Amino acid sequence: MSITIYLFCLLSIYILRVGSRSDFNASDTTKAGNLQFSPKCWTRGFIYHPDHWTKCVCKRLFYAKCEKDDSTRENDYSHPLDPLSPEEIKQTKNIILGSVNGSQGTLIFNTITLQEPAKSEMLHYFLSSTDPPRFLFPRRSISIAWNGETGRVYEITVNLNSALIEVFTTMPENIKVPIISPDDNEVVTQAIKKDNRVIQRCLALGISNMDLVYSSATWPIGYIEDRPEYANLKRPYQVYMYTQNFNGDNAYAHPLPFVVIVDVIGPVVVAIENLPTHAEYDSGENQNGNVVPKTPSNYDSDFRPPNFLRRDDKPIKVSSPKGPSYKVKGNLIEWQKFKIRIGFTAREGLILHHVTYNDNGTVRPILYRASISELGSIYGDPRPPFHRKYSMDASQVGLGWLSDELISQEDCVGETTFFNVTVNNNFGDPVVIRKGICVTEEDAGILWKHVDFRNKKSVTVRSHRLVISFISTTGNYDFLLSWIFYQDASIQFEGSFTGIVSTNMLAVGGTNGGFGSVVFPQVNAQYHQHVVALRLDTEIDGNANSVEMRDVVPVTGPTGSNENPYGQGITVLNTPLKTQADGRTKISPLTGRVWVITNPQAIHPATNSPVGWKLMPSETAQIMAKPDSPMVNPKLGFLFDDVWITRYEEGHLYAGGTYLNNSGLPEWVGTDPGGSIENTDIVLWHVFSPVHIPRVEDFPVMSSESHQVWLKPHNFFIENPAIDVPPPRLRKHEF
Ligand SMILES: [Cu+2]
């Protein structure tokens with residue numbers, strides 16, 4: 001090597017190192033394997049590499065040695081169902097505030113969301129698998145806003161093409177803004193920390209540093225009609241209180257024995273209520289022994305002793321050496337034979353639109369729209385004021401609003417594509433959540449296998465699955481929410497619950513009254529039920545669908561009878577569901593009950609019966625609240641049945657109605673119980689409610705607990721649709 005080239009190399013390396021130092025900023029990096037990528041470094045063609053002595057290596061020279069960066073999609077807004085862009089949210093705000101109505105008083109924005117084109121207008125394009133011309137569908141936003149002084153709620157539809165307000169509706173006075181926004185939550189937190197009554201109460205408990213007082217997320221308050229003094233509150237909420245030993249300490253190990261009642265309008269701290277800390281049916285009057293538990297219990301290893309983490313856990317690497325087998329075009333994801341369009345709202349989080357399956361060249365529709373209509377929890381401690389401890393996190397907290405920025409190779413493993421999502425703040429300005437959705441592909445074990453026992457030839461096919469996820473942290477809990485697609489055409493919803501159980505204080509020597517579990521000294525975690533309501537707008541091979549409920553039962557006749565001479569007969573009981581009233585049904589684990597959504601106009605050539613797709617429900621406990629409990633009835637009446645089937649109605653998106661005000665499923669079905677759900681456009685709703693009896697092992701953080709719901713083809717294809725999935729050794733790549 002000549003001295004000139006040698007000096008040039010040294011100079012190049014020096015420039016690289018200096019460049020990398022100035023480029024690299026820990027706050028704007030993401031990790032992929034052992035590499036860290038700096039966006040600044042990346043755009044200049046360099047990758048930050050902590051193990052390389054130059055620290056920053058040129059991706060063109062070293063690319064083959066590097067792992068591929070996880071990519072975040074540039075958002076595309078070319079389809080009528082694409083969520084609102086940041087610019088469209090801004091435009092909505094400006095149009096509303098520039099109008100006569102919007103310029104009066106203090107208008108606070110709650111949600112600003114795409115007003116989806118009517119299904120009647122979009123259906124043709126979905127069923128024919130063609131892209132709708134964008135110009136045919138004006139972009140519209142629907143805003144829910146409220147008057148910051150009076151609390152009065154408005155619904156405002158804006159046509160973004162004509163820049164005009166099309167509908168401005170002042171809602172009835174009893175309608176409250178449905179969701180406490182992150183901004184509302186912050187305002188409430190600040191008001192509580194400055195309130196003298198709260199400060200004095202903390203002082204009495206020996207807490208003088210209010211910086212270490214930790215308020216829970218702001219919880220909806222539910223039924224308060226038993227307290228007339230709260231009757232005139234406009235937006236009442238409740239906040240459970242904790243403290244920390246130091247900044248970052250797990251506050252849920254240090255609960256305080258009071259709850260703060262606030263009115264977000266103002267905001268005003270309305271009252272402090274004592275919490276029961278002693279025993280059954282003590283209602284909080286006895287505050288003796290209410291010593292704040294100070295023993296730390298931290299999940300974050302930063303706050304554990306040095307060398308705390310186990311050392312025998314070696315990495316398992318997930319990689320797709322030939323790249324992913326999915327393609328992303330805007331918000332459309334194509335994975336092998338599936339096509340899925342994704343959307344996102346502050347309330348529901350991730351939405352699936354227009355799911356189809358390519359069956360040997362025929363594109364067959366499955367789902368027009370699938371979403372998490374509700375997700376929440378209801379606590380079962382009957383002692384006031386715990387009776388009102390509940391939260392509907394979709395409709396009252398906003399699953400999308402509280403979605404997390406996902407971390408590559410931690411939250412989403414493998415060949416991952418991220419999507420930024422956009423919500424809005426109280427001022428109506430867009431707020432971009434980076435990497436709010438991830439799409440990844442995973443190995444899912446053996447899909448099918450057989451060994452010919454005569455010749456010992458084995459054929460094994462591995463299952464790959466496409467996972468589309470987001471994670472919502474709604475305070476103490478973290479909800480991992482995924483839609484998963486399999487090569488045998490199965491679709492799965494998986495809801496996994498992790499995070500920290502909501503805790504409350506036990507007095508020294510106190511007991512929990514039998515309504516919770518002691519998870520740490522003086523720390524109680526109450527029994528509760530998580531609730532999930534999925535909305536599945538099915539389009540099985542077309543728009544007109546019917547539903548049969550199928551139970552597996554013994555043949556009716558007794559052993560020795562003509563029908564069942566040896567007593568071992570099995571048969572399936574088919575119950576056609578004809579009306580909306582019939583469609584209110586319950587799970588039946590002992591008979592393996594499933595719901596088969598059929599298309600009476602599409603007859604299977606082998607069975608000579610309508611093709612179908614079956615819902616396999618999550619088989620969780622019944623709702624524990626009594627049917628006449630004022631906490632749940634009427635506004636959460638949808639919880640009392642596990643599967644509902646309704647006629648499609650435009651705008652019926654939320655199981656409890658948009659405002660949880662005695663509407664939603666019970667009202668829709670109650671007002672039209674005889675409405676036909678046969679051979680027509682229908683929507684399935686699946687409600688499931690896992691009971692959580694906390695364990696000591698759920699603390700200080702609970703391991704993820706998963707609940708699955710399946711949608712599987714049922715006499716839909718002519719054979720196993722996964723028959724053409726190649727065994728690993730025969731896999732060829734034609735991408
Ligand atoms: Cu729980």
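Because the structure is predicted, anything quoted here is derived from the model rather than measured. Atoms within each ligand, like the ligands themselves, are counted from 1 in listed order.
- For F688 and H530, the gap between ring centers reaches or exceeds 6.0 Å.
- In summary, of the residues considered (W219, Y527, Y390), a ring-ring contact (aromatic ring centres under 6.0 Å, His included) with Y379 occurs for W219 alone.
- Protein N/O/S atoms closer than 2.8 Å to the Cu ion (ligand 1), listed by chain and residue number, are Y477 OH, H528 NE2, H530 NE2, H692 ND1.
- Here the two rings, on F497 and H707, have centers that are under 6.0 Å apart.
- Taking the six-membered ring where tryptophan is involved, the planes of W668 and H652 are essentially parallel, since the angle between them stays under 30° and well short of 60°.
- Summarising the geometry of S496 relative to S706, their closest heavy-atom pair is OG-OG, 2.7 Å, with the distance given to 0.1 Å.
- Donor-acceptor pairing under 3.5 Å is lacking for the side chains of H278 and N288.
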